[in-house]
Amino acid sequence: MSIIVWILIVYSCMTVALLAASRELSHIVAYFYCTICALALASHAKTMLSDPGAVPNCAVPIDSAARQSEAHTMCRACKSYKPPGSHHCRICNRCVSRMDHHCPWMNNCIGAGNLKSFILFLCYTWVGSALALIIFGCNYFFCQDESCEFDGVLIQLVRVMTFICTGSIMFVSSMLANVSFAVMTGSGTIDRLKRRLSKPAEAPDDPPLQFEEIFGIGSYLSCLLPIDPIFPDHDRVLGYSMPQRLLREGNENTSTC
């Protein structure tokens, strides 16, 4: 299904480019719209190809007290440590840290590792769809003569694009609301469904996700680009640590003392 997303976005970008080429639309508006489309495609590719936060088999708890304990939450499928907030995806056949859901439009899970690029994709898609509807709406309501009317093949392309953008903005708005609720409550889609089935009366008591836990600690410009975030504490965000990292840090502390 991910290829469908690319086809629709490329189609919309080409339609706007044809409108600008036929002098039916300002080139500045067309450049801005195509830039939004490019950022949406880049965010989609980043979300689709990035590691969502797969938990390796050698993962261990981040707290020393938990590591010394004999009781750990284990994944029955992976036969390995299962960090808090992680879930096993039956489609990908792996555990994912802070997993929200498996997205068929991305052909990948949405977790701690690619939540930033997923949110960027939703935002850029919403902005692009809204901008296209505003452009077409202004042309429909404020066009006073035949010189500004779409004609020939262009009007058919615009009609199809209007239908695509309307459906897109409705679907993406619901996804943005779902992701926003997950960020504010600290409870992903799977966690909320499980809690609703087991304890319907209880509200989520997880702490909300911090900005740095999603977009990292880079500059504000980096927050707008689909690049890997730099987390302030990688282990805390993903919920697990690695034996090699703990051993290296232990040797550094010993040498310091």
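Here the structure is a predicted model, which means the values were calculated and not measured. Below, all heavy atoms of this structure are taken into account, side chains as well, without hydrogens, waters or symmetry copies.
For OH of Tyr31, the number of neighbouring non-hydrogen atoms (other residues, nucleotides, ligands) closer than 6.0 Å is 12 at most. Atom CE of Met14 sits in a sparse spot, with 12 or fewer heavy atoms from other residues, nucleotides or ligands closer than 6.0 Å. More than 12 heavy-atom neighbours from other residues, nucleotides or ligands sit within 6.0 angstrom of CG on Leu193. Atom CE of Met1 has more than 12 heavy atoms from other residues, nucleotides or ligands within 6.0 Å.
Asn108 places a side-chain N or O within donor-acceptor distance of the main-chain N or O of Thr47, the cut-off being under 3.5 Å. Listed for the Asp100 side chain is a donor-acceptor partner under 3.5 Å among the backbone atoms of Thr189. Within the 3.5 Å criterion, the main-chain N or O of Ile164 finds no donor-acceptor partner in the side chain of Ser168. Asp51 contributes a side-chain N or O that, together with a main-chain N or O of Ala54, makes up a donor-acceptor pair within less than 3.5 Å. Using a distance-only test at 3.5 Å, with no hydrogens or angles considered, a donor-acceptor pair links the side chain of Ser22 to the main chain of Leu19. The closest donor-acceptor contact from the side chain of Ser222 to the backbone of Ser219 lies under 3.5 Å. With Gln156 contributing its side chain and Val153 its backbone, the two residues share no donor-acceptor pair below 3.5 Å. Counting only distance, with no hydrogens or angles, the side chain of Arg192 and the backbone of Ser187 share a donor-acceptor pair below 3.5 Å. Ser241 contributes no side-chain N or O that, together with a main-chain N or O of Ile62, makes up a donor-acceptor pair within less than 3.5 Å. Judged purely by atom type and a 3.5 angstrom limit, Lys116 uses its side chain to pair as donor or acceptor with the backbone of Ile227.
In the hydrophobic clustering of this structure, Leu131 groups with Ile169; members are Ile, Leu, Val, Met, Phe, Trp, Tyr whose side-chain heavy atoms approach within less than 4.5 Å, directly or through other members. Clustering ILVMFWY residues whenever any of their side-chain heavy atoms sit less than 4.5 angstrom apart, transitively, puts Val179 in a cluster other than the one holding Ile190. In this structure, Phe163 is not a member of the same hydrophobic cluster as Ile9, with clusters built from ILVMFWY side-chain heavy atoms closer than 4.5 Å. Tracing side-chain contacts under 4.5 Å through hydrophobic residues (I, L, V, M, F, W, Y), one reaches Leu39 starting from Leu224; they form part of the same cluster.
Atom-to-atom distance recorded for Ser80:OG and Met74:CE is 6.0 Å, nearest 0.5 angstrom. Atom CH2 of Trp126 is separated from atom CZ of Phe171 by 16.0 Å, given to the nearest 0.5 angstrom. Annotation: the span from Phe118 atom CZ to Cys109 atom SG amounts to 11.5 Å, rounded to 0.5 Å. The CG atom of Leu25 sits 8.0 Å away from atom CZ of Phe136, with the distance rounded to the nearest 0.5 Å. Interatomic distance, Met99 CE to Ser86 OG, rounded to the nearest 0.5 Å: 10.0 Å. For the atom pair SG (Cys103) and CG (Asn114), the distance works out to 9.5 Å, reported to the nearest 0.5 Å.
Judged as a ring-ring contact (aromatic ring centres under 6.0 Å, His included), and not counting sequence neighbours, the contacts of Phe121 are His44.
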Please walk me through it: do Met106 and Ser2 pass side chain to side chain contact (heavy atoms under 4.5 Å, CB included)?
-> CA-CA 5 Å; Met106 300 292 174; Ser2 58; over 6 Å; no
Where do Met161 and Leu157 land on the side chain to side chain contact (heavy atoms under 4.5 Å, CB included) test, with the steps shown first?
-> CA-CA 6 Å; Met161 186 174 169; Leu157 295 176; over 6 Å; no
Residue pair His101, Asn178: steps toward the side-chain hydrogen bond (donor to acceptor under 3.5 Å, both in side chains) verdict | CA-CA 11 Å; His101 66 286; Asn178 182 71; 5.3 Å; no
Does the side chain to side chain contact (heavy atoms under 4.5 Å, CB included) test come out yes or no for Cys92 and His102, once each step is laid out?
-> CA-CA 9 Å; Cys92 299; His102 182 93; 3.4 Å; yes
Between Ser129 and Val172, is a side chain to side chain contact (heavy atoms under 4.5 Å, CB included) present by the stated rule, with each step listed?
-> CA-CA 10 Å; Ser129 301; Val172 172; over 6 Å; no
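Listed by chain and number, the hydrophobic cluster partners of Ile91 come to none, as no ILVMFWY side chain reaches under 4.5 Å of it. As a member of the Ile/Leu/Val/Met/Phe/Trp/Tyr network built from side-chain separations under 4.5 Å, Ile28 groups with nothing else and remains a singleton.
The two residues Leu176 and Cys123 make their nearest non-hydrogen contact at CD2-SG, 4.2 Å. Minimum interatomic distance between Leu209 and Glu213 (heavy atoms only, all atoms of both residues): CA-OE1, 3.5 Å.
Aromatic pair Phe32/His27: centroids not less than 6.0 angstrom apart.
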